[in-house]
S.K.: 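Here it is: the structure, laid out below.
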Amino acid sequence: QEQLIQSGGGLVQAGGSLRLSCAASEWTFSRYNKAWFRQAPGKEREFVGVISRSGTTSYADSVKGRFTISRDNAEKTVYLQMSSLKPEDTGVYYCAADQSWSRSPDAYAYWGQGTQVTVSS
């Protein structure tokens with residue numbers, strides 16, 4: 001059973017930055033793509049970005065140029081660096097892993113516990 005342990009998040013003012021981490025245990029790091037999703041209250045879970053096993057990234061248009069996904073193979077950790085945050089970025093952020101390369105949450109088998117990000121105006 002793959003486990004994804006998230007950390008980071010919190011409350012930040014608009015225009016600020018936050019970094020989320022997603023660490024793996026029992027992990028075959030080279031096997032899975034890693035994605036980030038977010039879910040605002042009353043809304044469906046939406047794609048934020050994904051990083052492939054080789055480091056290729058893809059982002060949602062809403063975060064492109066503001067968010068960056070990276071991975072540290074030695075630490076078995078994936079990061080989501082968020083800058084120029086907006087109130088509409090508020091939500092619970094989840095990391096996910098799977099062999100799929102997809103923007104759909106249904107394609108991912110393994111999930112972190114979620115972490116709250118709140119951006120105040």
Side-chain angles (χ1 to χ4, degrees):
Q1 178 69 35
E2 300 289 353
Q3 291 184 334
L4 304 175
I5 307 300
Q6 296 182 226
S7 59
L11 174 64
V12 65
Q13 288 188 332
S17 298
L18 281 174
R19 189 178 77 163
L20 307 183
S21 300
C22 176
S25 61
E26 299 182 10
W27 182 280
T28 305
F29 201 77
S30 61
R31 177 181 299 172
Y32 297 118
N33 300 320
K34 318 296 184 302
W36 290 93
F37 292 83
R38 66 186 181 189
Q39 189 165 19
K43 295 188 176 182
E44 294 185 351
R45 194 166 297 187
E46 67 171 351
F47 172 79
V48 173
V50 61
I51 187 165
S52 75
R53 291 162 287 177
S54 62
T56 300
T57 55
S58 179
Y59 299 94
D61 288 343
S62 59
V63 307
K64 198 173 296 182
R66 300 189 298 122
F67 290 11
T68 301
I69 299 174
S70 61
R71 54 191 289 162
D72 185 328
N73 291 344
E75 296 294 327
K76 298 181 180 178
T77 299
V78 172
Y79 301 99
L80 177 64
Q81 178 68 48
M82 304 181 291
S83 302
S84 302
L85 282 161
K86 305 175 182 179
E88 52 264 42
D89 293 319
T90 294
V92 178
Y93 282 69
Y94 298 89
C95 64
D98 202 90
Q99 293 183 341
S100 302
W101 176 260
S102 174
R103 295 188 172 209
S104 170
D106 295 337
Y108 291 82
Y110 306 107
W111 290 87
Q113 80 275 20
T115 184
Q116 178 69 42
V117 171
T118 303
V119 184
S120 63
S121 58

S.K.: Under the side chain to side chain contact (heavy atoms under 4.5 Å, CB included) test, which residues partner Ala40, sequence neighbours left out?
M.R.: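 Ala40: side chain to side chain contact (heavy atoms under 4.5 Å, CB included) contacts with Lys43.
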S.K.: Without swapping roles, check the side chain of Thr118 against the backbone of Thr90 for a donor-acceptor pair under 3.5 Å.
M.R.: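 Not a single qualifying donor-acceptor pair exists.
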S.K.: Pair Tyr32, Gln99 - check side chain to side chain contact (heavy atoms under 4.5 Å, CB included), show working.
M.R.: CA-CA 5 Å; Tyr32 297 118; Gln99 293 183 341; 3.9 Å; yes
S.K.: Do Leu85 and Leu80 belong to the same hydrophobic cluster, where Ile, Leu, Val, Met, Phe, Trp and Tyr are linked whenever their side-chain heavy atoms lie under 4.5 Å apart, directly or via other members?
M.R.: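 Yes, it is one cluster - the side chains of Leu85 and Leu80 are joined through contacts under 4.5 Å.
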S.K.: Could you identify which residues cluster with Leu11, counting Ile, Leu, Val, Met, Phe, Trp and Tyr as linked when any side-chain heavy atoms lie under 4.5 Å apart, either directly or through a chain of such contacts?
M.R.: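 Listed partners: none, Leu11 stands alone.
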S.K.: Among pairs that include at least one residue of residues 34-63, which meet ring-ring contact (aromatic ring centres under 6.0 Å, His included), considering only residues two or more places apart or in two chains?
M.R.: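 Listed once each, the pairs are Phe37-Phe47, Phe37-Tyr108, Phe37-Trp111.
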S.K.: List in chain and number order the residues that pass side chain to side chain contact (heavy atoms under 4.5 Å, CB included) with Thr115, two or more places apart in sequence or in another chain; answer none if no residue qualifies.
M.R.: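 Counting only residues at least two positions away or on another chain, Thr115 forms a side chain to side chain contact (heavy atoms under 4.5 Å, CB included) with Gln6, Leu20, Tyr93.
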S.K.: For Val50 and Trp101, work out which heavy atoms get closest and say how close.
M.R.: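 Nearest pair, atom of Val50 first, then Trp101: CG1-CH2, 3.5 Å.
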S.K.: How would you list all residue pairs meeting disulfide bond (SG atoms under 2.5 Å apart) that involve residues 47-77, not counting sequence neighbours?
M.R.: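 Pairs touching residues 47-77 that pass the test: none.
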S.K.: Testing the basics here: between Gln116 and Gly91, what is the closest heavy-atom pair and its distance to 0.1 Å?
M.R.: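 The answer is NE2-O, 3.5 Å.
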S.K.: List the atom of Ala60, the atom of Arg103, and the distance in Å for their closest heavy-atom pair.
M.R.: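 Scanning both residues, the minimum pair turns out to be CA-NH1, 4.0 Å.
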S.K.: Do Met82 and Val117 touch side chain to side chain, with heavy atoms closer than 4.5 Å?
M.R.: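 Yes; the side chains approach each other to less than 4.5 Å.
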S.K.: Test your reading of the model: is there a side-chain donor-acceptor pair from Ser100 to the backbone of Asp98, 3.5 Å cut-off?
M.R.: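 Not a single qualifying donor-acceptor pair exists.
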S.K.: According to a 4.5 Å side-chain heavy-atom criterion applied to Ile, Leu, Val, Met, Phe, Trp and Tyr, with indirect links allowed, do Leu18 and Val48 form part of one hydrophobic cluster?
M.R.: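 Linked within one cluster.
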S.K.: Could you list all the disulfide bond (SG atoms under 2.5 Å apart) pairs where at least one residue sits in residues 85-121, not counting sequence neighbours?
M.R.: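 Counting only pairs at least two positions apart or across chains, the disulfide bond (SG atoms under 2.5 Å apart) contacts touching residues 85-121 are Cys22-Cys95.
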S.K.: How long is the gap from OG on Ser121 to NZ on Lys86, to the nearest 0.5 Å?
M.R.: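 Rounded to the nearest 0.5 Å, the OG-NZ separation comes to 14.0 Å.
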S.K.: Measuring from atom OG1 of Thr77 to atom CG of Leu4, what distance do you get when rounded to the nearest 0.5 angstrom?
M.R.: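 Those atoms lie 10.5 Å apart.
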S.K.: Let me know which of Glu88, Glu46, Glu44 forms a salt bridge (Lys or Arg N to Asp or Glu O under 4.0 Å) with Arg38.
M.R.: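 So, applying the salt bridge (Lys or Arg N to Asp or Glu O under 4.0 Å) to Arg38 and each of Glu88, Glu46, Glu44, only Glu46 qualifies.
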S.K.: Look up atom OG in Ser58 and atom CD1 in Ile69, then write down how far apart they are to the nearest 0.5 Å.
M.R.: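 Separation between the atoms: 8.5 Å.
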S.K.: Does a side-chain heavy-atom distance below 4.5 Å link Arg71 with Asn73?
M.R.: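 Heavy-atom side-chain distance check passes, below 4.5 Å.
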S.K.: Report the distance from atom CG of Asp106 to atom CZ of Arg45, rounding to the nearest 0.5 Å.
M.R.: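 CZ of Arg45 is found 10.0 Å from CG of Asp106.
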S.K.: Among side-chain atoms of Ser52 and Ser54, is any donor-acceptor pair under 3.5 angstrom?
M.R.: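 Short answer, yes.
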S.K.: Do Val12 and Val63 belong to the same hydrophobic cluster, where Ile, Leu, Val, Met, Phe, Trp and Tyr are linked whenever their side-chain heavy atoms lie under 4.5 Å apart, directly or via other members?
M.R.: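 In one cluster with Val12: Val63, yes.
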